[in-house]
**Student:** 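Handing you this structure, nothing more for now.
The shown structure was predicted, so the numbers you read here are calculated from the model rather than taken from an experiment. So that the names make sense, note that chain A is the first sequence line, chain B the second, and so on, each numbered from 1.
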Number of protein chains: 2
Amino acid sequence: MHSAAPQPLDRVFAALADPTRRAILARLAAGEATVNELVAPFDLSQPAISKHLKVLEGAGLVSRGRSAQTRPVRLNAAPLERAAQWIGDYRRFWEESLDQLDAYVKVLNRKEMRHAGKRRRK
Amino acid sequence: MHSAAPQPLDRVFAALADPTRRAILARLAAGEATVNELVAPFDLSQPAISKHLKVLEGAGLVSRGRSAQTRPVRLNAAPLERAAQWIGDYRRFWEESLDQLDAYVKVLNRKEMRHAGKRRRK
DNA sequence: CAGCTATATTACCAAACGGTAATATAAGAG
DNA sequence: CTCTTATATTACCGTTTGGTAATATAGCTG
């Protein structure tokens, strides 16, 4: 049983897990848009986009205004900060492995140089 | 129909959307663990954890060794880098809003100082 | 070999997801 | 008031997800 209200991070990451929703956010980074403007490029029905918007709204990533007969959607990036923080706690781990990879590459390069003379760096 | 292979980011974000899986990653940040060591703290059945591990593995966030009769799980943070990059593209948006908040806070502080004298900074 | 331990796999279930078509509602325009 | 446009809601469907219990497999150990 897992009936407790989902944590914000759950919803943020879940929202980001869908490429359509990421694309919507990318579009909104260029400025507000109406729902129809968001429907156009996606080859999805309008209700589908409205659903995605509801998910994004539930994650706090998007908010809506009331402008005449249209309801413009705008990006709200604040929740991304918490997500970035969470991921950031692991930065040292991927940097470690990059370091290791880097070291490994260096070893390889040294070997190759010893065996085959100069080798061009990619 | 959406049958194309899911992109790595999809799977990474989807994997991160579950708190149990985030907790597993947190545990692995402290070092390798066997499956049973991961089962213990979570009040979930062993198959449930194995399933979560499969999801994490599918996202490339975890890899497994073969050490005698146990199969130690270790963190592989590399995919988090791409996720961090993706989110990072939106940093300016949340910093913008933070700036606004910050400005607002400054206004408040000024008001309070005017009204109530010196105020300690957190 | 037999038995124990660690892990994976299977079968099953309820709930959530991602989509559609059809319909309802809201609000400006004539 | 009626028409039209923009958006939301409903009803429905197949697939995926997160969990379980039961069972199978792998590999030490006696």
**Student:** Taking OP1 and OP2 of D/dT7, is either one under 4.0 Å from a side-chain nitrogen or oxygen of A/K54?
**Tutor:** no

**Student:** Base contacts versus sugar-phosphate-only contacts with protein, heavy atoms under 4.0 Å: please encode nucleotides 21-30 of chain C as B, S and - from 5' to 3'.
**Tutor:** BB----SS--

**Student:** Atom CZ of B/F42 and atom P of D/dG18: how far apart are they, to the nearest Å?
**Tutor:** 14 Å

**Student:** Whether the side chain of A/R64 engages the backbone of A/V73 through a donor-acceptor N/O pair (distance < 3.5 Å, no angle test) should be reported.
**Tutor:** no

**Student:** Checking contacts here: which listed nucleotide (C/dT9, C/dT20, C/dG18) is nearest the side-chain heavy atoms of A/D18?
**Tutor:**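 Selected nucleotide: C/dG18.
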
**Student:** Where the side chain of B/N36 is defined as all heavy atoms beyond and including C-beta, which of D/dA6, C/dT7, C/dT9 is the nearest nucleotide?
**Tutor:**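 When the side chain of B/N36 is considered, C/dT7 is the closest of D/dA6, C/dT7, C/dT9.
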
**Student:** Quick check: is A/V55 connected to A/L25 through a chain of hydrophobic side chains (ILVMFWY, heavy atoms under 4.5 Å apart)?
**Tutor:**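 In one cluster with A/L25: A/V55, no.
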
**Student:** For A/R27, does the CZ atom sit with more than 12 other heavy atoms under 6.0 Å from it, leaving out its own atoms?
**Tutor:** yes

**Student:** Between C/dG19, C/dT7, D/dG19, which one does the side chain of B/L44 approach most closely?
**Tutor:** D/dG19

**Student:** So A/K51, base contact, sugar-phosphate only, or nothing? Heavy-atom distance under 4.0 Å.
**Tutor:**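 Base, at least one base heavy atom under 4.0 Å.
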
**Student:** Whole-Å distance between D/dT9 P and A/L53 CG?
**Tutor:**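 The distance from CG of A/L53 to P of D/dT9 comes to 12 Å, rounded to the nearest Å.
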
**Student:** Checking the side chain of A/R22 only, and the main-chain atoms of A/L16 only, is there a donor and an acceptor separated by less than 3.5 Å?
**Tutor:**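 Yes.
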
**Student:** Respond yes when some side-chain nitrogen or oxygen of A/T34 is under 4.0 Å from OP1 or OP2 of D/dA6, and no when none is.
**Tutor:**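 False: A/T34 side-chain N/O out of range (4.0 Å or more) of D/dA6 OP1/OP2.
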
**Student:** Checking contacts here: which listed nucleotide (D/dG19, C/dA6, C/dA8) is nearest the side-chain heavy atoms of B/V35?
**Tutor:** C/dA8

**Student:** Where the side chain of A/E37 meets the backbone of A/T34, is there a donor-acceptor pair that is under 3.5 Å apart?
**Tutor:**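 A pair under 3.5 Å: yes.
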
**Student:** Look at the side chain of A/R21 and the backbone N and O of A/A15, then say whether any donor-acceptor pair between them is shorter than 3.5 Å.
**Tutor:**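 Yes, the answer is positive, given that a donor and an acceptor are paired below the 3.5 Å cut-off.
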
**Student:** For DNA chain C, whose closest nucleotide is more 5', that of B/T70 or that of A/H52?
**Tutor:** B/T70

**Student:** Nearest whole angstrom, please: distance from the C1' of D/dT7 to the CD of A/E32.
**Tutor:** 16 Å

**Student:** Please state how far atom CD1 in A/I24 lies from atom P in C/dG18, giving the value in whole angstrom units.
**Tutor:**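 A/I24 atom CD1 is separated from C/dG18 atom P by 11 Å.
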
**Student:** Counting only side-chain nitrogens and oxygens, does B/R64 get under 4.0 Å of the OP1 or OP2 atom of C/dT7?
**Tutor:**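 The answer is no; no side-chain N or O of B/R64 sits under 4.0 Å from OP1 or OP2.
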
**Student:** Rounded to whole Å, please give me the gap between CD in A/E37 and C1' in D/dT7.
**Tutor:** 13 Å

**Student:** Rounded to whole angstrom units, what separation is found between the CG atom of A/L16 and the C1' atom of C/dG18?
**Tutor:** 17 Å

**Student:** Ignoring hydrogens and angles, tell me if any N or O in the side chain of A/N76 forms a donor-acceptor pair with the backbone of A/G60 under 3.5 Å.
**Tutor:** yes

